[in-house]
There are 2 protein chains.
Amino acid sequence: MKNNTNVDQQEFTNQDFSGVVENNCPMTNTLKVIGGKWKLLILHAIMSECPARFGELKKKMKDITQTTLTAQLRELERDGILSRKVYAETPPKVEYKLTPLGETLVPVINTITAWGNTYCKSAV
Amino acid sequence: MKNNTNVDQQEFTNQDFSGVVENNCPMTNTLKVIGGKWKLLILHAIMSECPARFGELKKKMKDITQTTLTAQLRELERDGILSRKVYAETPPKVEYKLTPLGETLVPVINTITAWGNTYCKSAV
DNA sequence: AACATTAGTATTATTTTTCATACTTAGTAC
DNA sequence: GTACTAAGTATGAAAAATAATACTAATGTT
């Protein structure tokens, strides 16, 4: 009851996934949107600092290349998870943030990181 | 309070992830164990039929090759998520099931599939 | 004796993903 | 008018993941 009480949960289900999702297995469909080596890490980074600029994301994920980061961000944008806001400034400033649909992934990501914290501690 | 009330939650944290996990980011660590194209699908399949035989898994995931399925199962076994039981029969019979550590992933996987069901319906 | 069965392994090929490097753009500071 | 900045793009190379194909082993059935 904290917020969004007047928001129909179905509001975000109209996203057109028809180019990505062609299966009736919910796991397969979800993996098409958030699967891959980087997307969950990107979302995790944006969750902890929203909105986030391109350069900040790059710094946080030091092993990703600029090219790959750009490509992954574009896919997340295409799938309605992120929005991209370009400021007409020089040098360029671009902010990425979760859309309402993207925010529905917050509990998913929290569940995953909680598992990692509890069961998958590094020995190093 | 349904079950496991006498099971210390820490019981399953002694798994040695030192060969896999070298990071202090819980998302990175978790992705090393359940990341990749197939692992969550394999776990999802085993969850819905546990134990599962190799051939049953192969049938459910019709696009995976035998070689890849074997490789992914071995990694999940190495990481303590699955156990592998070989029956001394001909033709061979091998059963895979979730270990106690693997069972801690059940809510994670349910969260992911629930998101897919709610927000990521196929348009096809 | 030949055949079918299941869960593999071995090897090579292909596809997909990611990386490295150099280049671009438009203002602003020097 | 040269240098600097942030957020890219372009190109080709390399690495990683996945696939295709053929093979094996032990035993029960025909």
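Residue numbering restarts at 1 for every chain, and letters A, B, ... go by the order of the sequence lines.
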Would you mind reading off the distance between [X] atom [atom1] and [N] atom [atom2], rounded to a whole angstrom?
{"X": "B:L69", "N": "C:dA7", "atom1": "CG", "atom2": "P", "answer": "10 Å"}
{"X": "B:K93", "N": "D:dA26", "atom1": "NZ", "atom2": "C1'", "answer": "17 Å"}
{"X": "A:K58", "N": "D:dT9", "atom1": "NZ", "atom2": "C1'", "answer": "16 Å"}
{"X": "B:I42", "N": "C:dA7", "atom1": "CD1", "atom2": "C1'", "answer": "15 Å"}
{"X": "A:L73", "N": "D:dT9", "atom1": "CG", "atom2": "P", "answer": "10 Å"}
{"X": "A:K59", "N": "D:dT5", "atom1": "NZ", "atom2": "P", "answer": "11 Å"}
{"X": "B:K62", "N": "D:dT18", "atom1": "NZ", "atom2": "C1'", "answer": "16 Å"}

Side-chain donor-acceptor contacts of residues 48-56 of chain B below 3.5 Å, not counting sequence neighbours, with atom names and distances?
from  : atom 1 : to    : atom 2 : distance (Å)
B:S48 : OG     : B:A45 : O      : 2.9
B:S48 : OG     : B:K60 : NZ     : 3.1
B:E49 : OE1    : B:K60 : NZ     : 3.0
B:R53 : NH2    : B:P92 : O      : 3.3
B:E56 : OE1    : B:R53 : N      : 2.8

Is the backbone N or O of [Y] less than 3.5 Å from a side-chain atom of [X], with the two atoms forming a donor-acceptor pair by type?
{"X": "B:T118", "Y": "B:W115", "result": "no"}
{"X": "B:T99", "Y": "B:I81", "result": "yes"}
{"X": "A:T113", "Y": "B:M27", "result": "no"}

Between side-chain atoms of residues 67-79 of chain A and protein atoms elsewhere (two or more places apart, or another chain), which donor-acceptor pairs fall under 3.5 Å?
from  : atom 1 : to    : atom 2 : distance (Å)
A:T68 : OG1    : A:T65 : OG1    : 3.0
A:T70 : OG1    : A:Q66 : O      : 3.0
A:E75 : OE1    : A:K39 : NZ     : 2.6

Could you write nucleotides 18-30 of chain C as a row of B, S and -, 5' to 3', where a protein heavy atom under 4.0 Å of any base atom gives B, of only sugar-phosphate atoms gives S, and otherwise -?
-> SSBB----BB---
Selection: residues 47-57 of chain A, any non-hydrogen atom under 4.0 Å of DNA chain C = none
Counting just side-chain N and O atoms, does B:R74 come under 4.0 Å of either OP1 or OP2 of C:dA7?
-> no
For B:Y96 and C:dG8, is the shortest distance between a side-chain N/O and OP1 or OP2 below 4.0 Å?
-> yes
Within-4.5 Å side-chain heavy-atom neighbours: [X] and [Y]:
{"X": "B:V33", "Y": "B:N29", "answer": "no"}
{"X": "A:L98", "Y": "A:V106", "answer": "yes"}
{"X": "B:W38", "Y": "B:L43", "answer": "no"}
{"X": "A:Y119", "Y": "B:Q15", "answer": "no"}

Answer yes or no: are there more than 12 heavy-atom neighbours, outside B:K97 itself, under 6.0 Å from its atom NZ?
-> no
Between the two end axes of the helix from C:dA1-D:dT30 to C:dC30-D:dG1, each built from 5 base pairs, what angle do you get to the nearest 10°?
-> 20°
By side-chain contact (heavy atoms from CB on, under 4.5 Å), A:V94 pairs with (sequence neighbours left out) A:R84, A:V86, A:Y96
